[in-house]
Amino acid sequence: MSTTYGTFPGARPRRLRTTPTMRRMVAEHRLHPADLILPAFVREGASEPVPISAMPGVVQHTRDTLRKAAVEALEAGVSGIMLFGVPEDAKKDGLGTAGTDPDGILQVAIRDVKAEVGDELVIMSDLCLDEYTDHGHCGVLDSEGRVDNDATLERYAEMAQVQADAGVHVVGPSGMMDGQVGVIRDALDQTGHEDVSVLAYTAKYASAFYGPFREAVGSSLQGDRKTYQQDPANLRESMRELALDLAEGADMVMVKPALPYLDVLAKIADAVDVPVAAYQISGEYAMVEAAAANGWIDRDRAIMETLTGIKRAGANMILTYWATEAARQL
């Protein structure tokens, strides 16, 4: 009996799915602990970790528990840690001055982690004002209550300098101000921090999935961020933002959130020759944890499936609250 091997019954793709070993051998994409970056929150004045109700298993760290979390991430093989500071409410003001105080909580946390792990873990810092402003916006407001782009850039330049002075390896400007990457790059270079990298939040969308994060950082947000974060309907706009960030000196670029924007991630990854990151954000984490807690999905499989999907779409690095746990499983 003759068989046409390019079609069924000669061609049977299931042959390559027969055993776990076979599936592993022919896998097109592989997750590795080195792909992962752990976002972590540190709360000023905390004497014990503060659980984040919408993100089971995630806490606002004390300085001591942050150091421990950094060591655990390092031992699991995670490549980096992205730090977010949570200041005392009394220190918030209209300019977010706690964010540029050399003794502010984020700068203290950077020094703590650097003292603990040195250069063995890539220390990254959120470069934005929203945690430190009493209005919760990512920038300085003008007389009409709108975010003043250029006045905010001056504050970002100061933030870049104090974070670099504290010993950070990578700054992550997340405020989506026009021109932020160039201003930050210039500020770093002019203060002797040429080796500090810039991870540009290139495509950061005005997403409903940020909800749990606002609890995590104690946000004071009034209104929304739709005038500076991107419209979820737009893709070409992300490519324009990408071109601008690269022209301004971005060393790496990011898409945030991850799962609702895998098409954006894939298009950006295809277009660039710099590393591409994706941030699996708080709402993505919370959905999986909530569904798993109700017995609706297999938690461990869902975690790995989401991370694999992000890797398949083109991410070289994935920021995820499961970083240490996933790295241990891998």
Side-chain angles (χ1 to χ4, degrees), residues 37-44 60-61 63 66-67 69-70 73 79-88 91-93 95-133 137-140 151-177 179-202 204 216-218 245 248-254 256 277 279 317 319:
I37 298 165
L38 176 68
F41 309 101
V42 56
R43 180 169 178 166
E44 187 171 20
Q60 294 173 333
H61 283 286
R63 290 175 60 187
L66 177 66
R67 286 192 287 262
S79 284
I81 187 168
M82 174 66 81
L83 302 177
F84 296 84
V86 184
E88 295 174 347
K91 294 186 178 179
K92 295 182 180 182
D93 59 25
L95 297 177
T97 52
T100 50
D101 180 353
D103 294 319
I105 183 57
L106 181 54
Q107 285 68 254
V108 169
I110 293 168
R111 291 195 291 270
D112 284 346
V113 174
K114 188 66 177 286
E116 194 72 36
V117 300
D119 296 333
E120 293 186 73
L121 193 66
V122 178
I123 303 170
M124 305 179 172
S125 55
D126 180 56
L127 199 163
C128 195
L129 290 171
D130 59 321
E131 295 99 323
Y132 310 100
T133 55
H137 278 286
C138 297
V140 179
T152 299
L153 295 182
E154 296 179 17
R155 301 287 294 124
Y156 286 2
E158 295 178 52
M159 291 190 80
Q161 181 177 343
V162 297
Q163 291 178 5
D165 287 345
V168 80
H169 299 111
V170 179
V171 294
S174 60
M176 290 300 288
M177 296 297 119
Q180 64 184 14
V181 171
V183 166
I184 289 166
R185 182 73 268 159
D186 287 347
L188 292 169
D189 291 350
Q190 291 169 14
T191 54
H193 296 298
E194 297 90 349
D195 289 341
V196 174
S197 302
V198 178
L199 169 57
Y201 281 59
T202 291
K204 183 179 180 182
V217 296
D245 284 351
E248 291 173 23
D251 299 290
M252 300 171 277
V253 297
M254 184 195 291
K256 181 180 181 180
Y279 196 146
M317 304 169 291
L319 287 85

Exercise. Got a donor-acceptor contact below 3.5 angstrom from the Asp93 side chain to the Thr97 backbone?
Worked result: yes
For this session: List in chain and number order the residues that pass side-chain contact (heavy atoms from CB on, under 4.5 Å) with Ala69, two or more places apart in sequence or in another chain; answer none if no residue qualifies.
Result: His61
For this session: State which residues pass side-chain contact (heavy atoms from CB on, under 4.5 Å) with Asp101; sequence neighbours excluded, sorted by chain then number.
Result: Asp103
Problem set entry | Partner residues of Lys91 under the side-chain hydrogen bond (donor to acceptor under 3.5 Å, both in side chains) criterion, sequence neighbours left out | Glu44
Exercise. So, do Lys204 and Met254 sit near enough that their side-chain heavy atoms are less than 4.5 Å apart?
Worked result: no
Seminar exercise, completed: Shortest non-hydrogen pair, Val162 vs Gly99, comes out as CG2-O, 3.9 Å
For this session: May I ask you to test the Pro39-Tyr279 pair for a side-chain heavy-atom distance under 4.5 Å?
Result: yes
Problem set entry | Contact check, side chains of Val170 and Val198, non-hydrogen atoms, under 4.5 Å | no
Problem set entry | Summary of salt bridge (charged side-chain N to carboxylate O under 4.0 Å, His left out) pairs that have at least one residue in residues 188-197, sequence neighbours excluded | Arg185-Asp189
Exercise. How many angstroms lie between OH in Tyr156 and CG in Leu129, if you round to the nearest 0.5 Å?
Worked result: 5.5 Å
Exercise. To the nearest 0.5 Å, how far apart are CD in Gln163 and OG1 in Thr100?
Worked result: 10.0 Å
Seminar exercise, completed: Across all chains, not counting sequence neighbours, the side-chain hydrogen bond (donor to acceptor under 3.5 Å, both in side chains) partners of Ser79 are none
Problem set entry | Side-chain heavy atoms of Met176 within contact of Cys138, under 4.5 Å | no
Problem set entry | Residue list, side-chain hydrogen bond (donor to acceptor under 3.5 Å, both in side chains) with Asp165, at least two apart or on another chain | His193
For this session: Name all residues meeting the side-chain hydrogen bond (donor to acceptor under 3.5 Å, both in side chains) criterion together with Arg63; count only those two or more places apart in sequence or in a different chain, and write none if there are none.
Result: Asp112
Problem set entry | Gln60 side chain reached by Val42 side chain, heavy atoms, under 4.5 Å | no
Exercise. Is there a side-chain contact between Tyr132 and Val86, using heavy atoms and a 4.5 Å cut-off?
Worked result: no
Exercise. Less than 4.5 Å apart, any side-chain heavy atom of Arg43 and any of Ile105?
Worked result: no
Seminar exercise, completed: Scanning both residues in full, the closest heavy-atom pair of Ile110 with Ala166 reads CG2-O, 3.6 Å
Problem set entry | Heavy atoms of other groups near Glu88 CD, more than 12 under 6.0 Å | yes
Exercise. Do you know which two heavy atoms are closest between Tyr201 and Asp126, and how far apart they sit?
Worked result: OH-OD1, 4.2 Å
Exercise. Say you draw a straight line from NE2 of His169 to OG of Ser125; how long is it, rounded to the nearest 0.5 Å?
Worked result: 11.0 Å
Problem set entry | Spacing of CZ belonging to Phe84 relative to CG belonging to Leu66, to within rounding of 0.5 Å | 12.5 Å
Seminar exercise, completed: Ala160 meets the side-chain contact (heavy atoms from CB on, under 4.5 Å) criterion, sequence neighbours left out, with Leu127, Ile184, Leu188
Problem set entry | Distance in Å, Arg155 CZ paired with Leu95 CG, rounded so as to fall on 0.5 Å steps | 6.0 Å
Exercise. Are any non-hydrogen side-chain atoms of Met124 and Leu83 less than 4.5 angstrom apart?
Worked result: no
Problem set entry | Shortest non-hydrogen contact between Lys92 and Thr133, atoms and distance | CD-O, 3.8 Å
Seminar exercise, completed: Residues passing the side-chain contact (heavy atoms from CB on, under 4.5 Å) test with Val117, sequence neighbours excluded, are Ala70, Val71, Leu74, Val113, Leu121, Ile123
Exercise. How many angstroms lie between atom CZ of Phe41 and atom CG of Leu106, to the nearest 0.5 angstrom?
Worked result: 12.0 Å
